[in-house]
Amino acid sequence: MSTRFAQYLTPEKEAELADIAKKLTYPGKGILAADESMATCGKRLQDINVENTEENRRRYRELLFGTDIELSENISGVILFDETARQADSNGVPFIKVLEKKGIIPGIKVDKGVVPLAGTLNECTTTGLDGLRERCEEYKSMGIHFAKWRCVLKISKFTPSYQAMFENANVLARYASICQQAGLVPIVEPEVLPDGDHDLETSRRVTEEVLAFQYKALADHHIYLEGTLLKPNMVTPGQLYPGQAATPEQCATATVQALSRTVPAAVPGVVFLSGGQNEEGATINLNAINNVAQRRPWALTFSFGRALQASVLAAWQGKDENVKDAQKELLKRAKANGDAALGRYKGGIQGAAGGKSLFVKDHAY
Ligand SMILES: O=P(O)(O)OC[C@H]1O[C@](O)(COP(=O)(O)O)[C@@H](O)[C@@H]1O
């Protein structure tokens with residue numbers, strides 16, 4: 001072993017991390033992001049007139065995780081929020097066990113939220129490094145095998161700034177390092193928000209720049225790339241772009257171009273966030289991404305929050321008698337996205353949310 005480099009991970013730990021990452025990106029599978037913090041979950045529940053109480057959040061998550069085992073055909077992992085990771089279903093079975101029994105890997109959001117980045121034009125960074133090692137060790141002992149941390153970058157005339165790209169890439173690298181030491185696969189999520197009137201080309205250029213900062217920082221922190229996943233935005237024009245809408249093929253080409261210029265082939269998978277696209281739109285774009293005639297050395301799949309849950313919430317409305325129907329919506333969306341991850345989605349699977357836009361302005365929280 002060279003003395004120039006510190007021992008980062010043991011070969012056993014590397015093998016374990018690579019194995020988890022591989023399972024999470026198994027062909028035709030993706031991740032259900034059910035890690036909404038209390039405030040974000042409250043916004044989802046408010047839309048269906050359900051009060052944001054601990055019990056209602058628990059009932060909703062029981063609905064999701066209690067879905068038929070068929071769910072595991074297309075869902076490899078679920079990202080939980082700390083509160084959810086400690087809750088159980090109405091029979092007293094901890095949610096972590098409910099997921100394990102279905103062969104679904106439990107994961108956890110470990111960041112503590114987006115905060116202002118002083119000295120910038122309204123840009124932000126993400127907090128949560130304090131005590132992170134201890135929290136990760138506890139999560140691993142609870143049966144959790146991967147983690148997620150989200151940073152947010154904004155496109156405007158003067159942003160994202162060098163400072164924001166540098167700082168967010170660095171904090172994500174520090175998080176990734178701590179996770180890997182604890183045996184959790186870090187999902188690295190530098191989200192370029194869709195807010196703005198910029199065109200597709202601007203979105204691609206900014207995404208490329210952000211990812212270039214990201215992989216430099218991961219290299220600087222000696223991150224074992226085979227034991228990581230990237231959760232980026234798809235490249236789309238800004239929500240307020242006044243020109244002609246981009247086709248799924250144009251978005252897909254720009255997305256794969258940005259990734260191929262910046263994401264090393266050692267990274268096993270890219271799990272896209274849905275970023276306020278409607279359910280069907282996100283699925284169609286993922287399908288197009290898996291059909292572009294460009295080299296794609298990584299698995300390209302999903303880690304959707306809103307685009308997997310909008311129809312579920314619309315069908316549920318907080319009522320026990322609607323649980324079965326709501327679960328069917330989840331199965332439909334999971335299957336559609338599983339097909340899209342293989343580039344085989346034929347389109348046309350509409351859910352209870354219809355084509356409703358899921359865009360939330362300044363989704364930084
Ligand atoms: O602001 P929060 O509560 O951390 O949540 C942000 C949400 O964004 C995500 O990272 C991506 O979600 P979307 O697919 O809805 O864009 C989710 O994992 C997470 O629940």
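Start at 1 with the first residue, then count along the sequence.
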Practice task
Could you walk me through whether D47 and K43 pass the salt bridge (Lys or Arg N to Asp or Glu O under 4.0 Å) test, one step at a time?
Solution key: CA-CA 7 Å; D47 286 345; K43 288 182 196 171; over 6 Å; no
Closest heavy-atom contact between [X] and [Y]?
X    : Y    : result
L117 : A164 : CD2-CA, 3.6 Å
E208 : A258 : CG-CA, 3.6 Å
I155 : T202 : CG2-CG2, 4.2 Å
T262 : Y215 : O-CD1, 3.6 Å
N322 : A315 : CB-O, 3.2 Å
G28  : L342 : N-CD2, 3.4 Å

Practice task
Take R135 and E138, measure what salt bridge (Lys or Arg N to Asp or Glu O under 4.0 Å) needs, and give me the verdict at the end.
Solution key: CA-CA 5 Å; R135 285 192 286 132; E138 190 202 356; over 6 Å; no
Practice task
Take E191 and R150 through the test salt bridge (Lys or Arg N to Asp or Glu O under 4.0 Å) and record every step on the way to the result.
Solution key: CA-CA 7 Å; E191 174 176 5; R150 173 173 174 262; 2.8 Å; yes
Problem - Over 12 foreign heavy atoms within 6.0 Å of NZ, K332 - result: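 For K332, atom NZ is crowded (more than 12 foreign heavy atoms under 6.0 Å).
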Problem - Residue K216 excluded, over 12 heavy atoms near NZ under 6.0 Å - result: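 No, the 6.0 Å shell around NZ holds no more than 12 heavy atoms from other groups.
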Exercise for the section: Could you tell me whether the side chain of D68 reaches within less than 4.5 Å of the side chain of L71, counting heavy atoms only? Expected result: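 Heavy-atom side-chain distance check fails, nothing below 4.5 Å.
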Practice task
Check whether any side-chain heavy atom of N290 lies under 4.5 Å from a side-chain heavy atom of R296, and answer yes or no.
Solution key: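 They are in contact (side-chain heavy atoms under 4.5 Å apart), so the answer is yes.
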[X] side chain to [Y] main-chain N or O, any donor-acceptor pair under 3.5 Å?
X    : Y    : result
T228 : P186 : no
K154 : N122 : yes
K13  : Q181 : yes
N291 : G343 : yes

Between [X] and [Y]: side-chain donor-acceptor atoms closer than 3.5 Å:
X    : Y    : answer
Y8   : Q180 : yes
E279 : S311 : yes
Y139 : D82  : yes
S303 : K231 : yes
T126 : D111 : no
T283 : R333 : yes

Exercise for the section: Measure up the F213 and Y162 rings against each other and bin them: parallel (under 30°), tilted (30 to 60°), perpendicular (over 60°). Expected result: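 It falls in the perpendicular class, over 60°.
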Handout entry: Pair S260-Q294, side-chain hydrogen bond (donor to acceptor under 3.5 Å, both in side chains): steps then yes or no
Key = CA-CA 9 Å; S260 65; Q294 294 173 60; 4.6 Å; no
Practice task
Apply side-chain hydrogen bond (donor to acceptor under 3.5 Å, both in side chains) to Q309 and E36, showing your working.
Solution key: CA-CA 11 Å; Q309 296 182 54; E36 297 83 3; 2.8 Å; yes
Practice task
Give the C-alpha distance, both sets of side-chain angles, the deciding distance and a yes or no for salt bridge (Lys or Arg N to Asp or Glu O under 4.0 Å) between E62 and R58.
Solution key: CA-CA 6 Å; E62 174 162 4; R58 193 203 63 75; 2.8 Å; yes
Practice task
Could you tell me which residues satisfy side chain to side chain contact (heavy atoms under 4.5 Å, CB included) with N52, sequence neighbours excluded, listed by chain and number?
Solution key: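 L45, R57.
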Residues 270-278, side-chain donor-acceptor partners within the protein, below 3.5 Å, at least two apart:
residue, atom, partner, partner atom, Å
S274, OG, A307, N, 3.4
Q277, OE1, N285, ND2, 2.7
Q277, NE2, S274, O, 3.3
N278, OD1, E280, N, 3.3
N278, OD1, G281, N, 2.6
N278, ND2, G355, O, 3.2

Problem - Euclidean distance, C179 SG relative to I223 CD1, rounded to 0.5 Å - result: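 Going from the CD1 atom of I223 to the SG atom of C179 covers 9.0 Å.
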Exercise for the section: Test the K29-Y26 pair against the cation-pi criterion, namely NZ or CZ under 6.0 angstrom from the six-membered ring centroid and within 45° of the ring axis. Expected result: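 Yes, a cation-pi geometry.
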